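The structure appears right after this line, and notes come after that.
Note that the structure is a prediction, hence the values are computed from the model and not measured. Every number for a ligand or one of its atoms is a count from 1 in the order of the listing.
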Amino acid sequence: MTAPQMARASIGGWLAASPVRLAPMAGYTNVPFRQIALRCGSGFTTNEEIDAEALIRGNAWANESARGTHDRGVDLGIVAMQLLGGSEETLVPASLRLVEAGADIVDINMGCPVPKIVKRGKGAALMRDVAGTSRVLAAIRRAIPEVPLSIKIRGGWSDADQNAIEVARMAQDVGVDAITVHPRTRAQRYAGRAPWDVIADVVRAVDIPVTGNGDVASLAEARRMMADTGCASVMIGRGALGRPWVFDPTYEALDEAGRLAYEAEVIARHLDLVEAYFPPHEALVQMKKHLMHYSAGWPGARLLRIELFAQRTAEDVRAVFWSRLRPLRVLALV
Ligand SMILES: Cc1cc2nc3c(=O)[nH]c(=O)nc-3n(C[C@H](O)[C@H](O)[C@H](O)COP(=O)(O)O)c2cc1C
C-alpha cells in the first residue's frame, strides 16, 4: 500500500496491518476464527453482532461475547465490536459497556436483513429512519467521544429506497469515523451480484474512510474492488469461511503441495483454538460447522460430512476429519 492509501485505511487513528479484513458473521466470527484470520493476514477483525438490549440486561451470551478478548489473555490486536440495536436507550449504554470491555472501535450494525431483527427497528431498519438514526448515532458519539465509531450499512432498504449516500453523509455529519458498505439492499438479502458502483458512490460522497464489502473471494478481487470503487479497505465474509488463507498473499504463490500443507496447519491450529476457547459442547458445534466449510467442494465431502456430524466428541471429529476428508482434498487437487 502507498502512504496515502495507508492513511485512508486508518479508522479513528487505528491503522490496520492489512486493508483486507474479515467481515463480522454471526455464529462464525468468534475469537478462535478471528485469531486464525489474523494469523493468515487479515487486518483487524470485528466480533459477531451483539444485541445491545441483551447486553445491558446482562444476558450471559452477550456478556460473554463482549468480554471475549482482553480478559482472557487472547491477543486480537485492534478489536472492533459490533452492536445490533434500534434505540438510543439501548445503544448508548451498550456502547459504553463495549468500551469498558476494551473495544478499540465500536461498530453499529445497520445492515442485518433478518425479519425478526428489522421488525424491532434494528439492523437494516436503521436505514429507513435517517433522522431518527442520526439522533441515535449522535448520542453514541457524545457518549464515547474518544473511541472510533463506525457503521456498517447496505445499499438501502429496497430497489425503490436506495439511500446509502444520504445515510453516509448523515453519519459523517454526526461524527462517525468510518463506514462499511455492503451494497445489496435489505430486500436483496444475499442474492444476486453486489453492485459495487454503490460503494464508489459512497466513497465520492464522504471524506471519511469507506470499506467495501460484497462478493470478494480473493486478494485479487479485493484489490480490484479498491481500484474500481476507491474504497480504502475491503471486508471479506463468506469468501473466508473455510478459506481463511484468502487473506495471505503467500498462499497464492504456493504450489499445490504447499497449499495442502498450509491448509492442514491452519485447520489443525483452528481446531486447537476452538477446543481451548469453548466449553466442550460449543467446541464440538464450532468444529463441525467450520469443518463443513473447510471441506466444501471436496469430492465425496457430502457423505463424509454426515459422518462428521454423527460424532459426539471433539476427538472423534478430529479422527474422522483427518482420516477421511484430507485424502479427498488431495484428490480434489489432482
Ligand atoms: C452467516 C452470516 C452472518 C452474518 N452476520 C453478520 C453480523 O453479525 N454483522 C454484520 O454486520 N454482517 C453480518 N453478515 C454480513 C457480512 O458481514 C457481509 O456483509 C456479507 O456476507 C457480504 O459479504 P461477502 O459477500 O463477503 O460474504 C453476515 C453474513 C453471513 C453470511
Side-chain angles (χ1 to χ4, degrees), residues 19-31 33-34 37 42-52 54-55 61-62 65-66 68 79-86 91 94 98 103 105-118 122-127 149-156 164 167 171 176 178-196 198-199 202 210-226 229 231 233-244 246-247 285-286 289-290 292-293 296:
V20 185
R21 62 185 194 275
L22 182 65
M25 284 177 286
Y28 290 95
T29 46
N30 44 46
V31 170
F33 189 52
R34 289 159 64 201
S42 165
F44 73 82
T45 61
T46 309
N47 70 315
E48 48 190 322
E49 62 200 13
I50 299 174
D51 187 88
L55 183 65
W61 183 88
S65 214
V79 170
M81 289 197 190
Q82 190 189 65
L83 283 174
L84 188 63
L91 283 167
L98 291 189
I105 296 167
V106 172
D107 186 60
I108 306 299
N109 181 323
M110 293 178 54
C112 181
V114 175
K116 71 173 187 208
I117 300 291
V118 294
K122 309 175 191 179
L126 288 174
M127 293 194 68
L149 175 62
S150 59
I151 59 174
K152 183 159 176 284
I153 66 174
R154 281 189 172 247
V167 170
V176 165
I179 302 176
T180 300
V181 183
H182 172 208
R184 290 187 181 86
T185 61
R186 185 261 167 181
Q188 279 178 289
R189 298 274 199 117
Y190 296 100
R193 291 293 300 170
W196 287 5
V198 176
I199 301 170
V202 173
V210 173
T211 298
N213 166 240
D215 295 345
V216 173
S218 68
L219 285 180
E221 283 170 9
R223 283 190 282 270
R224 195 161 63 242
M225 179 185 264
M226 287 193 275
T229 69
C231 66
S233 49
V234 172
M235 269 187 187
I236 301 182
R238 290 163 298 170
L241 292 177
R243 298 174 64 250
V246 70
F247 298 105
V285 172
Q286 284 293 326
K289 203 150 96 167
H290 283 278
M292 208 181 82
H293 285 285

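- The one candidate from Val234, Val20, Asn213, Asp215 that meets the side-chain contact (heavy atoms from CB on, under 4.5 Å) condition with Met225 is Val234.
- At the shortest separation from atom 15 (C) of ligand 1 among protein heavy atoms lies Tyr190 OH, 3.4 Å.
- Below 30°, between 30° and 60°, or above 60°: for His293 and Tyr28 the angle between ring planes is above 60°, a perpendicular geometry.
- When heavy-atom distances to ligand 1 are checked against a 4.0 Å cut-off, Asn109 comes that close only through its side chain, counted from C-beta outward.
- Protein heavy atom at the shortest distance from atom 17 (O) of ligand 1 is Pro24 O, 2.8 Å.
- Checked by distance only, ligand 1 and Gly237 come closer than 3.5 Å through their nitrogen or oxygen atoms.
- Looking from atom 3 (C) of ligand 1 to the surrounding protein, the closest heavy atom is Ala26 N, 3.3 Å.
- Of the inter-residue distances, the one linking Glu48 atom CD with Asn30 atom CG reads 5.5 Å to the nearest 0.5 angstrom.
- Tested against Gln82, the residues Ile151, Asp107, Val106, Thr29 include a single side-chain contact (heavy atoms from CB on, under 4.5 Å) partner, Asp107.
- Of the possible donor and acceptor atoms, one in the side chain of Arg184 sits under 3.5 Å from a partner among the backbone N and O of Ala191.
- Near Gly214, the atoms of ligand 1 lying under 4.0 angstrom from a non-hydrogen atom of the residue are 23 (O), 25 (O).
- A distance-only check finds a donor-acceptor pair linking the side chain of Arg154 to the backbone of Arg189 [under 3.5 Å].
- Close contacts between ligand 1 and Ala23 involve ligand atoms 17 (O) [criterion: under 4.0 Å to a heavy atom].
- Distance from atom 11 (O) of ligand 1 to its nearest protein heavy atom, with residue and atom name: Gln82 NE2, 2.8 Å.
- In terms of polar-atom proximity, Glu49 is counted as a contact of ligand 1, with an N or O under 3.5 Å from an N or O of the ligand.
- Checking each of Thr45, Thr211, Thr46 against Arg21 for a side chain to side chain donor-acceptor pair (under 3.5 Å) leaves exactly one that passes, namely Thr211.
- Side-chain N or O atoms of Arg34 include none that pairs as donor or acceptor with a backbone N or O of Leu22 at under 3.5 Å.
- Taking every non-hydrogen atom of Arg238 and a distance limit under 4.0 Å, the qualifying atoms of ligand 1 come out as 21 (O), 24 (P), 25 (O), 26 (O), 27 (O), 31 (C).
- Ranking the protein heavy atoms by distance from atom 30 (C) of ligand 1 puts Met25 CG, 3.8 Å first.
- The protein atom (non-hydrogen) at minimum distance from atom 1 (C) of ligand 1 is Tyr28 CE1, 3.9 Å.
- At a 4.0 Å heavy-atom cut-off, ligand 1 touches Lys152 through the side chain alone.
- If you check which protein heavy atom lies closest to atom 22 (C) of ligand 1, you get Asn213 OD1, 3.4 Å.
- Judged by distance alone, with hydrogens and angles left aside, the side-chain atoms of Trp196 form no donor-acceptor pair with the main-chain N or O of Pro183 at under 3.5 Å.
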